[in-house]
Amino acid sequence: MVGVAWFVLIVSGFFEAAWAVSLKLSNGFTRPWWVLSFAVTALISFAGLAWAMKQLPAGPAYAAWTGIGAALTAVVGMVWLGDGVSTLKLVSLGLIVSGVIGLNLAGGGH
């Protein structure tokens with residue numbers, strides 16, 4: 001069941017990136033379809049996180065969820081939304097991913 005919880009958590013991280021991008025594209029909640037996309041993807045993301053955290057330790061689960069969402073949102077921003085790309089940004093994304101992996105490898109939970 002822990003494997004399923006990790007799968008749900010990872011998918012929820014993707015939905016976190018989706019709601020963050022939808023929030024950006026909603027232009028301050030002025031574009032109704034993007035507002036709807038934000039609401040639906042946020043609900044799915046938080047529901048998946050809540051379900052997964054019933055099985056997983058809070059720290060690593062939350063770190064993985066936010067790390068996936070933050071990294072994917074940054075990549076989408078750089079690739080499709082015109083955010084700048086720099087070596088420092090790419091290294092920082094690598095550090096986020098490395099930190100999440102390290103936290104999970106450190107164990108201490110279920």
Side-chain angles (χ1 to χ4, degrees):
M1 196 66 159
V2 171
V4 174
W6 278 111
F7 176 77
V8 168
L9 185 76
I10 291 166
V11 170
S12 297
F14 277 78
F15 277 100
E16 183 194 3
W19 70 251
V21 171
S22 295
L23 184 61
K24 166 70 175 166
L25 295 174
S26 78
N27 195 35
F29 292 113
T30 61
R31 295 179 174 156
W33 289 110
W34 287 112
V35 173
L36 179 61
S37 174
F38 161 75
V40 169
T41 55
L43 180 64
I44 293 168
S45 179
F46 282 105
L49 173 64
W51 185 86
M53 288 180 86
K54 291 191 303 184
Q55 303 292 322
L56 303 172
Y62 185 70
W65 181 76
T66 57
I68 291 165
L72 286 175
T73 302
V75 169
V76 168
M78 288 186 274
V79 173
W80 288 292
L81 301 178
D83 294 353
V85 180
S86 69
T87 301
L88 182 56
K89 282 185 180 183
L90 296 175
V91 168
S92 297
L93 285 171
L95 290 171
I96 291 170
V97 172
S98 298
V100 169
I101 291 169
L103 186 58
N104 283 286
L105 290 176
H110 296 289

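By convention here, the first residue in the shown sequence is residue 1.
Residues passing the ring-ring contact (aromatic ring centres under 6.0 Å, His included) test with Phe14, sequence neighbours excluded: none.
Other residues sharing a hydrophobic cluster with Ile101 under the 4.5 Å side-chain heavy-atom criterion for ILVMFWY residues are Val97, Leu105. The hydrophobic cluster containing Val91 also includes Leu95, under a criterion of side-chain heavy atoms closer than 4.5 Å among ILVMFWY residues, counted directly or through chains of members.
In plain terms, the two heavy atoms of Leu103 and Gly59 that are nearest each other are CD2-O, 4.0 Å. Of all heavy-atom pairs between Leu93 and Ala71, the closest is CD2-CA, 3.6 Å. Here the closest non-hydrogen pair linking Ala61 and Leu9 is O-CD2, 3.5 Å. Taking every heavy atom of both residues into account, Ala17 and Leu72 meet most closely at CB-CB, 3.6 Å.
In the hydrophobic clustering of ILVMFWY residues, with side-chain heavy atoms under 4.5 Å counting as a link, Val4 and Leu56 come out apart. In terms of hydrophobic clustering, with Ile, Leu, Val, Met, Phe, Trp and Tyr side chains grouped at heavy-atom distances under 4.5 Å, Phe15 and Phe7 are assigned to a common cluster. Cluster membership check: Val2 shares its hydrophobic cluster with Tyr62, using side-chain heavy-atom separations under 4.5 Å among Ile, Leu, Val, Met, Phe, Trp and Tyr.
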Between side-chain atoms of residues 33-41 and protein atoms elsewhere (two or more places apart, or another chain), which donor-acceptor pairs fall under 3.5 Å?
unit_1	atom_1	unit_2	atom_2	d
Ser37	OG	Ser22	OG	2.7
Thr41	OG1	Trp19	N	3.4
Thr41	OG1	Ser37	O	2.7
Thr41	OG1	Phe38	O	3.3

Under 3.5 Å, which donor-acceptor pairs link side chains of residues 45-53 to any protein atom two or more places apart or in another chain?
unit_1	atom_1	unit_2	atom_2	d
Ser45	OG	Ser12	O	3.0
Ser45	OG	Glu16	N	3.4
Ser45	OG	Trp65	NE1	3.0

Show every donor-acceptor pair shorter than 3.5 Å between a side-chain atom in residues 73-90 and any protein atom, with sequence neighbours excluded, or say none if there are none.
unit_1	atom_1	unit_2	atom_2	d
Thr73	OG1	Gly69	O	2.6
Ser86	OG	Lys89	N	3.1
Lys89	NZ	Gly84	O	2.8

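Atom NZ of Lys24 and atom CZ of Arg31 lie 9.0 Å apart (nearest 0.5 Å).
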